[in-house]
Amino acid sequence: MSKGEMDLSSGYPFWAVKNGLLAAFPPLRSDERCDVAILGAGISGALIANELATHGFDVVLLDERDVGWGSTSASTALIQYEIDTHLVDLARDYGEAKAVLAYRACVEAIAMLRDVAGSLRDVGWREFDSLYYASRPRDASPMAQEFALREKHGFDVEWLDRARLRERYGVDARAGILNRPAAGLDPYRLTYRLLQRLKRGGTRVFDRTTVERIEPRSRDVLLTTREGLQVRASHVIVAAGYSSQRWLTQRVADNRSSYAFVTDTIDAAALGPLRTTLMWESARPYLYLRTTSDDRLIVGGEDDAIDLAARRDMQVGNKTRRLVAKVRELFPDLPLQPVFSWAGTFAETRDGLPYFGPHPQYGNRVHFAMAYGGNGITYSMLGAGLLRALIERRPHPLRALFSFDRPTR
């Protein structure tokens, strides 16, 4: 069965335009053998390959596009421990201990990402506070409950009432939670830097290579490309972003579109606290803002259920105007001039958690890395270690919670 290419971005994704083609990788031209074959050479595939290769696995990456051009180029790369599903709601579904486990793991993942970014040059890493504010009056009470549970379990949180929000951030909202840690980065550059380093160490990276068939066998998995070339791997990891769902008969998430724009560089004095704080609101879909390492402002939101590239393309201009209007309402004096606007696909699971590991459709040698949700890069960092544990047949604390058959409370 052929699995054709999926259009995952519209407009002009800033990272790809800013960076250009950082390195060239060839298409697959001969049969290969390896320990682990990874389908997808975006940021998820790169982080997973880095984890495996640095622990002695022979890895091959295959991508149907140019490296990093799918969801990675469209990502706004907010690095947060906060899951789209509140800790309170996750505790209701899975119990408090498992909910706290997921949140604490995401805190640890930010430190892991900091280490990865620090080992590379110029990947736009910037650390932030994360301000989650009640953009609707009715959200203040649930936010207080969320704050109380996070504080109970030792998360680095601070409660801001209306007066303190106005004083510190100029935001008129009933309440907010200031969370630490948080960060941002350039996901496209990090992906290329990682893959270039992996290639120098012997990892094989092939782009413009479309896999049409995955055949699990008793001792390995056989991949067949559109050109009839074959890759034999002891294990396969499908890390193709939101297009990974095409390989499953089970629908595990709903694809949606999100919209974003980036400004020219803004003077640090004009940015004020936005320079060191990423912000997102309680309303759904939510508006969010963060700065880049060169003091541009990235603004995103206006999510909708459109999952057709042509229809999504037509919405980029209108959605950008709406986003600009929302930010100007929050910060009337902030100079806003979008220089790039784009849209991209993202997926939502029912509980806001990712899926990592084998699916019954393929058996135990084919794993999926579905880092879905608003903090997909954080999930990918966690998934890298979890997938290595699964391949090595070791226990992992997140195995059950991130599996396809996770039980609900």
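Taking the charged nitrogens against the carboxylate oxygens, R126 and D295 do have a contact shorter than 4.0 Å, which makes a salt bridge. Under 4.0 Å is where a charged nitrogen must lie from a carboxylate oxygen, and between D122 and R189 at least one such pair does. Note on R174 versus D139: no salt bridge recorded, every NZ/NE/NH1/NH2 to OD/OE distance being 4.0 Å or above. Ion pairing of E302 with K326 is present here, as a side-chain N (NZ or NE/NH1/NH2) and a carboxylate O approach within less than 4.0 Å. We find that D172 and R162 are joined by a salt bridge, their nearest charged nitrogen and carboxylate oxygen being less than 4.0 Å apart. A salt bridge links R114 with E127: the distance from a Lys NZ or Arg NE/NH1/NH2 to an Asp or Glu carboxylate oxygen falls below 4.0 Å. We find that R208 and D63 are not joined by a salt bridge, their nearest charged nitrogen and carboxylate oxygen being 4.0 Å or further apart.
Around atom CZ of R217, more than 12 heavy atoms belonging to other residues, nucleotides or ligands sit under 6.0 Å away. Counting non-hydrogen atoms of neighbouring residues, nucleotides and ligands closer than 6.0 angstrom, the CZ atom of R121 reaches no more than 12 such neighbours. Counting heavy-atom neighbours within 6.0 Å of R311 CZ, excluding the residue itself, gives a total of 12 or less. In D161, the CG atom is crowded: over 12 heavy atoms of neighbouring residues, nucleotides or ligands sit closer than 6.0 Å.
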L194 and L47: CA distance, side-chain angles, deciding distance, side-chain contact (heavy atoms from CB on, under 4.5 Å) verdict:
CA-CA 8 Å; L194 265 182; L47 288 169; 3.8 Å; yes
What's the verdict on salt bridge (charged side-chain N to carboxylate O under 4.0 Å, His left out) for R150 and D156, showing C-alpha distance, side-chain angles and the deciding distance?
CA-CA 8 Å; R150 293 186 192 182; D156 187 353; over 6 Å; no
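A 4.5 Å side-chain heavy-atom check between I214 and L223 finds at least one atom pair inside the cut-off. Inter-residue side-chain proximity for L289 and I298 is flagged as unmet; no heavy-atom pair is nearer than 4.5 Å. Residues R296 and D264 meet the side-chain proximity criterion, which asks for heavy atoms closer than 4.5 Å. Residues W280 and S135 fail the side-chain proximity criterion, which asks for heavy atoms closer than 4.5 Å.
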Indicate every side-chain donor-acceptor pair of residues 102-111 with a distance under 3.5 Å to a residue at least two apart or in another chain.
{"from": "Y103", "atom 1": "OH", "to": "I83", "atom 2": "O", "distance (Å)": "3.4"}
{"from": "Y103", "atom 1": "OH", "to": "T85", "atom 2": "O", "distance (Å)": "2.7"}
{"from": "Y103", "atom 1": "OH", "to": "L87", "atom 2": "N", "distance (Å)": "3.1"}
{"from": "R104", "atom 1": "NH2", "to": "H153", "atom 2": "O", "distance (Å)": "2.8"}

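The two residues W159 and A140 come nearest to each other via the heavy atoms CH2-O, 4.0 Å. The shortest non-hydrogen separation linking R312 to S257 is CD-OG, 3.1 Å. Nearest heavy-atom pair, R406 versus A400, reported as atom, atom and distance to 0.1 Å: CB-O, 3.2 Å. Of all heavy-atom pairs between D35 and G56, the closest is OD2-O, 4.3 Å. Nearest heavy atoms, R197 versus S119: NH1-OG, 3.0 Å. Residues D304 and R256 approach most closely at O-CB, 3.2 Å, considering heavy atoms.
Atom-to-atom distance recorded for T191:OG1 and W15:CH2 is 11.5 Å, nearest 0.5 angstrom. The OH atom of Y188 sits 6.5 Å away from atom CH2 of W69, with the distance rounded to the nearest 0.5 Å. Here the CD1-NE2 distance, from I38 to H367, works out to 11.0 Å after rounding to the nearest 0.5 Å.
Residue pairs that meet the side chain to side chain donor-acceptor pair (under 3.5 Å) test with at least one member in residues 374-391, sequence neighbours left out, are S44-S380, E51-R388, H55-R388, R388-E392.
Among residues two or more places apart in sequence or in another chain, the side-chain hydrogen bond (donor to acceptor under 3.5 Å, both in side chains) test is passed with D303 by S258. With sequence neighbours left out, the side-chain hydrogen bond (donor to acceptor under 3.5 Å, both in side chains) criterion links T349 to D351. When the side-chain hydrogen bond (donor to acceptor under 3.5 Å, both in side chains) test is applied to K199, no partner is found at least two apart in sequence or on another chain. When the side-chain hydrogen bond (donor to acceptor under 3.5 Å, both in side chains) test is applied to E158, the partners found at least two apart in sequence or on another chain are R164, R168.
For Y169 and Y133, the gap between ring centers reaches or exceeds 6.0 Å. Taking the six-membered ring where the residue is Trp, the centroids of Y355 and F404 are separated by under 6.0 Å.
Remark: the N179 side chain and the Q80 side chain contain no N/O donor-acceptor pair separated by less than 3.5 Å.
Applying side chain to side chain donor-acceptor pair (under 3.5 Å) to Q250 and the options H359, Q361, Q245 leaves one that passes, H359.
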